[in-house]
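Following: one structure in structure tokens, then a few remarks.
Index from 1, following the sequence.
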Amino acid sequence: MSQQGTTKQQVDDEFVVDTEDCEERERAYRERGTARPITVVGNPVLHRECKDVTEFDEKLAALIDDMFASQRAAEGVGLAANQIGVDLKVFVYDCLDDEGVRHVGVVCNPVLEELPADRRVLDDSNEGCLSVPTAYCELARPDYAVVRGQDAEGKPIAVRGTGYFARCLQHETDHLYGYLYIDRLSKRDRKDVLRQMAEGTARYETVPND
């Protein structure tokens with residue numbers, strides 16, 4: 001993406017700096033992209049592990065642009081490629097952490113780092129998903145997360161987050177391995193979330209499950 005002047009992320013002490021020029025970078029991606037409808041729970045692409053990104057080319061760059069455009073249109077804070085029907089391990093994010101700091105970035109082929117026991121402090125805040133529209137449920141996740149992968153040019157990166165942003169990183173990585181957050185809920189809570197979804201109306205375009 002450097003040829004288009006939007007990749008300003010730099011690695012500082014191994015972790016990517018994704019808090020600088022957020023507005024300019026997100027706008028540049030989004031304005032080049034086209035918003036696509038969101039796939040919803042039940043669509044097969046959401047329920048299997050995605051393929052690794054192996055070609056870091058103009059086609060990938062165009063996909064990332066569309067993902068940022070789709071994320072903004074749906075008013076989301078993170079979006080995985082399979083949520084717009086693309087079977088590739090890539091997600092984008094535009095998310096505030098609990099301190100109100102904005103993070104914007106892209107991760108290809110993400111792997112969630114296993115936390116040592118002394119870092120696993122659980123946060124049971126509400127969670128929602130663009131692929132499960134209008135529904136929310138409490139879900140305990142660690143309040144700190146590290147994801148390792150590659151940027152849009154194939155360079156190794158590591159992203160870390162706390163609080164709400166940590167939840168976002170875990171949620172989007174889950175997507176690319178075929179898991180929705182409702183798969184981590186009890187049967188009763190999952191049933192309630194699906195009821196909420198059935199009773200609500202998505203505020204953005206979705207792909208119907210025929």
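- You'll find the side chain of Pro110 reaches within 4.5 Å of the side chain of Leu176, heavy atoms only.
- The environment of Glu114 atom CD is sparse: at most 12 non-hydrogen atoms of other residues, nucleotides or ligands sit within 6.0 angstrom.
- For the pair Val146 and Val159, the minimum side-chain heavy-atom distance is 4.5 Å or more.
- Atom-to-atom distance recorded for Gln150:CD and Asn109:CG is 5.0 Å, nearest 0.5 angstrom.
- For Phe165 against Arg160, the heavy-atom pair with the smallest separation is CE2-O, 3.4 Å.
- No more than 12 heavy atoms of other residues, nucleotides or ligands lie within 6.0 Å of CD in Glu55, so this atom counts as exposed by the packing criterion.
- When side chains are defined from C-beta on, Leu194 counts as touching Ile182, because their heavy atoms get closer than 4.5 Å.
- Checked for salt-bridge contact, Arg27 and Glu23 meet the test: a charged N lies under 4.0 Å from a carboxylate O.
- At a threshold of 4.5 Å between side-chain heavy atoms, the hydrophobic network of Ile, Leu, Val, Met, Phe, Trp and Tyr places Tyr204 and Met67 in one connected group.
- Panel note: side chain Tyr177, backbone Lys89; no donor-acceptor pair is recorded below 3.5 Å.
- Salt-bridge annotation for Glu26 and Arg72: present, with a side-chain N of the basic residue lying under 4.0 Å from a carboxylate O of the acidic one.
- With hydrophobic clusters built from ILVMFWY side chains whose heavy atoms lie under 4.5 angstrom apart, Val53 shares a cluster with Ile64.
- Val40 and Phe91 sit in two unconnected hydrophobic clusters of ILVMFWY residues. Membership requires side-chain heavy atoms under 4.5 Å apart, directly or through other members.
- Taking OG1 of Thr54 as the reference point, atom CG of Leu88 lies at 8.0 Å (rounded to 0.5 Å).
- The OG atom of Ser125 sits 10.0 Å away from atom CG of Leu139, with the distance rounded to the nearest 0.5 Å.
- In this structure, the side chain of Asn43 does not engage the main chain of Leu46 through any donor-acceptor pair within 3.5 Å.
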Leu180 vs His47, test: side-chain contact (heavy atoms from CB on, under 4.5 Å). Steps then yes/no. CA-CA 8 Å; Leu180 281 76; His47 302 281; 3.9 Å; yes
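- Residue Tyr164 places its OH atom among 12 or fewer non-hydrogen atoms of other residues, nucleotides or ligands, all under 6.0 Å distant.
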Would you check, one step at a time, whether the test side-chain contact (heavy atoms from CB on, under 4.5 Å) holds for Ile84 with Thr39? CA-CA 6 Å; Ile84 56 170; Thr39 56; over 6 Å; no
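- Taking 4.5 Å as the limit, every side-chain heavy atom of Glu138 sits out of range of all side-chain heavy atoms of Leu185.
- No side-chain donor-acceptor contact under 3.5 Å links Asn82 to the backbone of Gly85.
- For the residue pair Ser131 and Gln83, a side-chain donor N or O sits within less than 3.5 Å of a side-chain acceptor on the partner.
- Proximity of Val77 to Gln71: side-chain heavy atoms (C-beta onward) are nowhere separated by under 4.5 Å.
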Could you walk me through whether Val106 and Val90 pass the side-chain contact (heavy atoms from CB on, under 4.5 Å) check? CA-CA 7 Å; Val106 179; Val90 54; 3.9 Å; yes
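- Here Phe68 contributes atom CZ and Leu63 contributes atom CG; the two are 11.0 Å apart, rounded to the nearest 0.5 Å.
- Salt bridge Arg190/Asp183: present, at least one basic N to carboxylate O contact under 4.0 Å.
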Evaluate the criterion side-chain contact (heavy atoms from CB on, under 4.5 Å) for residue pair Thr162 and Asp143; output intermediate values, then yes/no. CA-CA 5 Å; Thr162 59; Asp143 69 353; over 6 Å; no
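- The backbone N or O of Arg25 sits nowhere less than 3.5 Å from a side-chain atom of Asp21 that would complete a donor-acceptor pair.
- The side-chain heavy atoms of Met197 and Val41, taken from C-beta on, include a pair separated by under 4.5 Å.
- Between Asp65 and Arg30 there is no salt bridge, since no side-chain nitrogen of the basic residue lies less than 4.0 Å from a carboxylate oxygen of the acidic one.
- When the side-chain contact (heavy atoms from CB on, under 4.5 Å) test is applied to Arg48, the partners found at least two apart in sequence or on another chain are Pro44, Val45, Asp87.
- Crowding of Arg203 atom CZ: a count of heavy atoms from other residues, nucleotides or ligands under 6.0 Å exceeding 12.
- At a threshold of 4.5 Å between non-hydrogen side-chain atoms, the residues Val207 and Ile38 do not count as touching.
- We find that Asp123 and Arg167 are joined by a salt bridge, their nearest charged nitrogen and carboxylate oxygen being less than 4.0 Å apart.
- Counting non-hydrogen atoms of neighbouring residues, nucleotides and ligands closer than 6.0 angstrom, the CZ atom of Phe56 exceeds 12 such neighbours.
- Remark: side-chain polar atoms of Glu113 are not paired, donor with acceptor, to backbone N or O of Arg148 under 3.5 angstrom.
- To the nearest 0.5 Å, the span separating OH on Tyr181 from SG on Cys137 amounts to 6.5 Å.
- Using the six-membered ring where Trp is involved, His175 and His171 have ring planes that are perpendicular, over 60° apart on the 30 and 60° scheme.
- Checked for salt-bridge contact, Arg141 and Glu127 meet the test: a charged N lies under 4.0 Å from a carboxylate O.
- In summary, Arg184 and Asp174 engage in a salt bridge, as defined by a charged side-chain N under 4.0 Å from a carboxylate O.
- To the nearest 0.5 Å, the span separating CG on Leu79 from SG on Cys168 amounts to 10.0 Å.
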